[in-house]
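All chains are named by letter (A, B, ...) in the order of the sequence lines, taking the proteins before the strands, and each is independently numbered beginning at 1.
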Amino acid sequence: MNRVDVILSERELERLTSVIDSSGAPGYSVARHITGRGAHGLVASESLEVTGLGTNVHVIIFCEEPVAEALRTALRPLLAYYGGVAFVSTCEPI
Amino acid sequence: MNRVDVILSERELERLTSVIDSSGAPGYSVARHITGRGAHGLVASESLEVTGLGTNVHVIIFCEEPVAEALRTALRPLLAYYGGVAFVSTCEPI
Amino acid sequence: MNRVDVILSERELERLTSVIDSSGAPGYSVARHITGRGAHGLVASESLEVTGLGTNVHVIIFCEEPVAEALRTALRPLLAYYGGVAFVSTCEPI
Amino acid sequence: MVDTALALQNILTPPVLFFFLGVLAVLLGSDLEIPAPLPKLFSLYLLLAIGFTGGVQLERSGLSLTVLLSVGAAVLMASVIPLYSFLILRTRLDIYNSAAIAAAYGSTSAVTYITAESFLRVLELPYDGFMVAALALMESPAIIVGLLLVRLLGRSSRKPGQEKVGLGAVLHEAFLNSSVFLLIGSLLVGFLVAQQGPTGVQKLELFTDKLFYGVLTFFLLDMGLVAARRLNELRRAGPFLIGFAVLMPLINAALAIGLAAVLGMSQGTALLFAVLCAGSSYIAVPAAMRMTVPEANPSLYISTGLGLTFPFNIIVGIPLYLQVIKTVIPAS
Amino acid sequence: MVDTALALQNILTPPVLFFFLGVLAVLLGSDLEIPAPLPKLFSLYLLLAIGFTGGVQLERSGLSLTVLLSVGAAVLMASVIPLYSFLILRTRLDIYNSAAIAAAYGSTSAVTYITAESFLRVLELPYDGFMVAALALMESPAIIVGLLLVRLLGRSSRKPGQEKVGLGAVLHEAFLNSSVFLLIGSLLVGFLVAQQGPTGVQKLELFTDKLFYGVLTFFLLDMGLVAARRLNELRRAGPFLIGFAVLMPLINAALAIGLAAVLGMSQGTALLFAVLCAGSSYIAVPAAMRMTVPEANPSLYISTGLGLTFPFNIIVGIPLYLQVIKTVIPAS
Amino acid sequence: MVDTALALQNILTPPVLFFFLGVLAVLLGSDLEIPAPLPKLFSLYLLLAIGFTGGVQLERSGLSLTVLLSVGAAVLMASVIPLYSFLILRTRLDIYNSAAIAAAYGSTSAVTYITAESFLRVLELPYDGFMVAALALMESPAIIVGLLLVRLLGRSSRKPGQEKVGLGAVLHEAFLNSSVFLLIGSLLVGFLVAQQGPTGVQKLELFTDKLFYGVLTFFLLDMGLVAARRLNELRRAGPFLIGFAVLMPLINAALAIGLAAVLGMSQGTALLFAVLCAGSSYIAVPAAMRMTVPEANPSLYISTGLGLTFPFNIIVGIPLYLQVIKTVIPAS
Ligand SMILES: Nc1ncnc2c1ncn2[C@@H]1O[C@H](COP(=O)(O)O)[C@@H](O)[C@H]1O
Ligand SMILES: Nc1ncnc2c1ncn2[C@@H]1O[C@H](COP(=O)(O)O)[C@@H](O)[C@H]1O
Ligand SMILES: Nc1ncnc2c1ncn2[C@@H]1O[C@H](COP(=O)(O)O)[C@@H](O)[C@H]1O
Ligand code: NA
Ligand code: NA
Ligand code: NA
C-alpha cells in the first residue's frame, strides 16, 4: 500500500479534500496548525493567524497504488498554483 | 526498524497507550486534534469538540519488528471495536 | 528521496531549525503540541503547558540523501544533550 | 395562534441572532470558524457558571419538597422518554440506532436550557435556579436506560472476541463524563460557598454573571456554524428522522408542561422543565453511546439533535412552550 | 512641531505600552508567545464587539445623509488609494506585487481603527460610532480594484493548464472573508437588537464594553510580537518599500483629512476617517491576494503593512493626525 | 492548635474548592480536561494582571526604603534557600538533581502568591501590593545559584563533544524567560500608566480586577488536574522527597516570618513574604534547569513542587502561616 503526505496552506484544504474524495481514497487524516518553510518562504504561526492566511495542514492518505496514481494527477496543478509539497512512500496495514 | 502509525478517536487514547506500553515499545508520540474521514464517516473539528466525542489522535511508534508484531496482535481488536486505522513501514534511526 | 522525522522538546525547536537550514534542506514542516513517552519519561500536555517546559514538536524534512546525511551529523549531538529521536525513511515526490 | 411578539423577542436577542449568523456563514460558504479549543473554553465556562449559580440557588431555597419533586420529575422523564422514543424509532431503525437516539432524547441540551434561562431573565419572569440540578441529573438515567435497551434486546449480535464493555464502564461514563462532572461539581461548590455567606458568591459572580451573556452569544455563534454543517447529514437521514427531530420535542414538552402544572411549578420554572424534556443531548450521551453501542451511527444521533432539534427548540420551541404555559399555568 | 504631550498620552496607554513590550520581547529574544489560537479569540472578540457597537450607533444615528457621505467617502478612498499606490509601486516592483501591495493600502487596519477609537475615548473627544460601517466596507473595493489591475495588465503571463480563479471566487473572498463577514454580521445584529430597545444592548454591553480595553491590550501585546518578527523581513525588502510604508499613510491621511474637512466631519470622526485611509490591511486583503495573485510574494505585502505601517500609525500616526485635524477642523 | 475557622475560610473559597474538584476528577478517572493552550491563556492573564496591579501599587507607594528592604529580603531568601536545600538534598540525591530541586525551592510559585493575595482580600487584611516585585525578582537569583552549584561541584562529569551552555544563555533564561519577562514588563507598564494619572489605570482595572477571581478559579481547577496527575510520580520518588516537599515550605516560611517581623512588615505583607519563600517554582526554574542541567530528572523537580508543595501551601500553608503571623506580628 501507499502512504501519501501532502503539506499545503489550510486555505486550500477544502480543495484538497475534494480531490482526495474523487480519487477514491478510503479515507484521510488532517493535522492543522502546521508551520514550516518551503519554496514560498516561512509559514510562522503568529503572523499567519493574525493575517487570516492561516497556517499549513498536513494531510495523510493511506491508499492502494492506483489511488495514489490518481491523486498524483489531480494534485499536481493544485500544488503548482498554490504551493505545497506531496510525497509517496510504501507501507502495510497492521 | 519499523514505524507504526495509528489513527483513532482520542477517546481511546488511554487504551492505546496502555497497549503500547505493554508491547515493550521504547516510546511513542501523540498528535491531537486530528480530523479526517474513514469507514465511520467524517470527523470534523467543530462538532466533535462540542459533542464531547472529541477528534482523532495520530500516534507514531518507532520500534523494532518484534514490537510491531506484538502491537499488531493487541491493536486489531481495539480497531475492530472502536474504529481507526494502523499502518507499518520501515525506517532507520538517524 | 529521504524523509527525516525528528521529535524533540519545543524548547529546542529554534536550534533544530537552524541546523536544518544549514544542512541545505529545501524545507521542513513543524507540528507542535506533540506529547509522548521516550527515554526521558512522559511528556504530558497539561503539566508541561503550566511549567513552561512545553511539549514536543514533530519536524518532518523531505530531502535528498546527502542532506539527510548532513542532518545526521548535525543532529546527533543535539539529541544526545537534550533528548529526542530522529528516523529516516525513503519516499518519492508525487 | 403563535404570539409573534414573544417569538420575535426571543429571536431578536444577541444569542439567537448570532446563532443565525453562524448558520448563514455556512450557507454562504464564508470561512468563518471558531477554531478548537475555543468552543471548549466557552462550554467549560458555561457549565461552570450555571453549575455554580445553580448551587447557590439550591442553598438559598434549601432541599425542600419542591426541589425534590422537580428534580424527581426530571429524572422520571429522562427514564421514560427513551422508552417511548425507542418504540417509535424501532418502526424504522435497528435496535442499536434506536437505542442511541432514544437515549439522546431522554437526556437534555445544556445550551437550550441556558438560552431559555437567559430569555426568562430578559422577560424578567422569575424561575427556580435549582432546576440546574435537574439538568445535571438527566444525563445519567437516559444513558443507563439506553444501555439496558441494547443489553436486553440486542446483545446476541455481539461477535465473540470483541471487547466487552462492562456495566461499570457505562456507569462511569454516565456519571463521570466531563460535562456531567463539571456541572455537578460546580453545583456542589456553589452550594458550599453560599453556605459561608454572601462574600464568596459575590466575588465569583462578577465572573459567572457579567460575562455569561457574552460567552453565550459567542457560543451560539459557534453552535450556528456546527448546526448548519450538520444540516446536510440530516438531509441524508431521510424524512422519518427529520419528522422525529421536530415532533419529539413537541411531545416531550407537552408532557412536561402537563406534569409541571400538576406539580404546581411557576411559569418560569415550567418553561425550564419543558425545555429540559424537549432537548436532546449532544454532550454526554454521544460519548457514552459511542462506547457502549459502537454499532450505532454517531452521525444519526448527533445530527438529529444538533442539526434540527436544537435550533428548533432555540428558535420556535422556547417562545412556543412559554406561550402554552401561560395559558395553562396562572402567573404567580 | 509635534505636540509631545498628545503623543505621550497615546504612547503611555496600556495597549500601546504592551505593544512595545511585545516588540521588546522579540528584540531581546524572550520566548514569550501567545500560542495559536488565542490571538484568534481576541480578534474574533474585537471584531464582534466593534461590529455590534457600530450597529447600535448606526441605529441611533439613523441612516442619515452624514452616514451615507462618510461611508461613501471611505469606499471612494478604498478604490482610489490602490490606483495611485500602484503607479508609485510599479516604478520598482512587478505588476503582481504592485497590485497586491496597492490593494492592502487601499483597505484598512481594524486594530489601528480600534486603537484610535480607544484613544478618543481616553481624550473624551466625541466621534461617530457608525464609522465602523466604513471599516467593514473598505476591504471589498480594495480587493476588487487590486484584482482588476492584475486582470487588465498582467493576465497574459498566466500559463495554460494552471487553475483559473473566477471573478465569482474573488467577490466571494471579498465579501465573505471571515473578518469582513463577522464585522458586517455583528453590525447588523447590533442594529436589529438596538431597534428592540435598550435592554438587549445593555445586556451585551457588559461583554462588549467592559472587556474591550483589556482584550485590546492583550491583542496589541501579540501584535507587538508579530510586528517585531516582521521587521527582519522588511529590512530585506529594501529602502524603497520601507519609505513607501511610512510615506503612504502620511499621504493617505492628508487626503483623508482634507476630505473630512470638506464633508464637515467632527474632529473625532475625522481622526477615525484618517486612520481608516492611513491603515494597510493585513486581515482580508492578504487572504484574497494569495488566492488571486499567487505570483505576488506574501511576505512583501504583509510585512510592509504589519511590520512598519501598523506600528507607525499606532505610535506616530494617531497623535499626529489628531494634531493636524485640530488645526484644520474647529472643535464642535 | 490550628485555627479551624481560618483554615475552613480558605478552603471553602471557589478557587480552592475548584482545585479540589480538579484533583477529584483525576482520582475518579473523569475525562475532564482543560485543553492546551487554554491554561496558557489563564496564566498569561494572571501574570499580566498581577504585574500591572503591582506596578500601579509600586508607583503609589514610591520606591521607599520599605520597598527596597522587602524586595532585598526576597532576593536574599531566593539565594540562601537553595544553599541549605542543596545540603539537605545531597544526603540522598546526586549533585544534578539536588541543584535543580534546590533552585526550584529557592524560587517561588506565582499561583500560590496569587491565591494568598485573594485570601487576604476576602479577609480584608491590608497588604503591600508592591510585593509582586519580589515575586518577579526571586526567579533569577535561584536559577543562578542553582547553576553555580552545578558548575562548581559537578562540571567534571560532562563528556567532551557535548554541547556547552554558556553563562550568557543561563542569564538569558533567568531574566528573559517568558513568565519573568511578562511579569516584570507588566509591572513597568503599570508603573508608567499610574504615573499618568488614574484614568489609564481605571480603564484596564475593569479587565485586571473584575475577571481576576474567576480566571484564578478556572486556573486552579486546571492546577488540581495537573497536581493530581503528578501525585503518582511523586509516590515513585519515595518518602525522602515527599518529606522534603512538606517540610521545606514550613522551614522557609518560618524563616520568612522571622525576617518579616524583624523588618516590621504588616500582617498581610508578612503572609505574602512567607508564601513567596515557602513556594517552589514550576514556571521559570524548570525551563532553565532543563537547559543547564539536562542530567537532572525533570519529573523529580516538577513533581515535588507541583504535586505536593503547591497543594500543601494552598490548603494548609496559607491559613497556617497567617495564624502564626498573627501571634508574632501585632495587627496594625
Ligand atoms: N522539503 C520539505 N520538507 C518538509 N516540508 C516541506 C518541505 N517543503 C515545503 N514544505 C512544507 O510545505 C509548505 C508549503 O511549501 P512551499 O509552497 O514550497 O512553500 C511549507 O510551508 C512547509 O510546511
Ligand atoms: N485511508 C486512510 N488514510 C488516512 N487516514 C485514515 C484513513 N482511514 C481512516 N483514517 C483516519 O482514521 C479515523 C478513523 O477511521 P475509521 O474508523 O475508519 O472512520 C478517520 O477519522 C481518519 O482520521
Ligand atoms: N520510540 C519512539 N517512538 C515515537 N516517539 C518517540 C519514541 N521515543 C521518543 N519519542 C518521542 O520523543 C520525545 C523525546 O524522547 P526522549 O528524549 O527519548 O524522551 C518523547 O517525548 C516522544 O514524544
Ligand atoms: Na429530553
Ligand atoms: Na488604507
Ligand atoms: Na521559595
* Asked: Roughly how far apart are C:Leu78 CG and C:Glu12 CD, rounded to 0.5 Å?
  ->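 It comes to 6.5 Å.
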* Rounded distance (nearest 0.5 Å) linking atom CD of A:Glu69 with atom SG of A:Cys63 ->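 A:Glu69 CD to A:Cys63 SG: 10.0 Å, rounded to 0.5 Å.
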* Asked: Side chain, backbone, both or neither: which part of C:Thr90 has an atom under 4.5 Å from a heavy atom of chain A?
  ->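 When you check distances to chain A, only backbone atoms of C:Thr90 fall under 4.5 Å.
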* Portion of C:Pro93 that has a non-hydrogen atom of chain A nearer than 4.5 angstrom -> both
* Asked: Given the rule in the side chain to side chain contact (heavy atoms under 4.5 Å, CB included) test, do A:Phe87 and C:Ile94 qualify, once you have shown the distances and angles that lead to the verdict?
  -> CA-CA 5 Å; A:Phe87 295 87; C:Ile94 210 163; over 6 Å; no
* Under the side chain to side chain contact (heavy atoms under 4.5 Å, CB included) rule, what do A:Ser9 and A:Tyr82 come out as? Steps first, then yes or no, please. => CA-CA 8 Å; A:Ser9 165; A:Tyr82 292 107; over 6 Å; no
Select one option (side chain, backbone, both, neither) describing which atoms of [X] are under 4.5 Å from chain C's heavy atoms.
| X | result |
| --- | --- |
| A:Asp5 | side chain |
| A:Ala31 | neither |
| A:Val43 | neither |
| A:Ile34 | both |
| A:Arg32 | neither |

* Stepwise, does the side chain to side chain contact (heavy atoms under 4.5 Å, CB included) test hold for A:Ile20 with A:Val59? -> CA-CA 10 Å; A:Ile20 295 173; A:Val59 180; 3.7 Å; yes
* Asked: Does the pair A:Leu79 and A:Leu8 meet the rule for a side chain to side chain contact (heavy atoms under 4.5 Å, CB included), with working shown?
  -> CA-CA 8 Å; A:Leu79 299 176; A:Leu8 41 54; 3.9 Å; yes
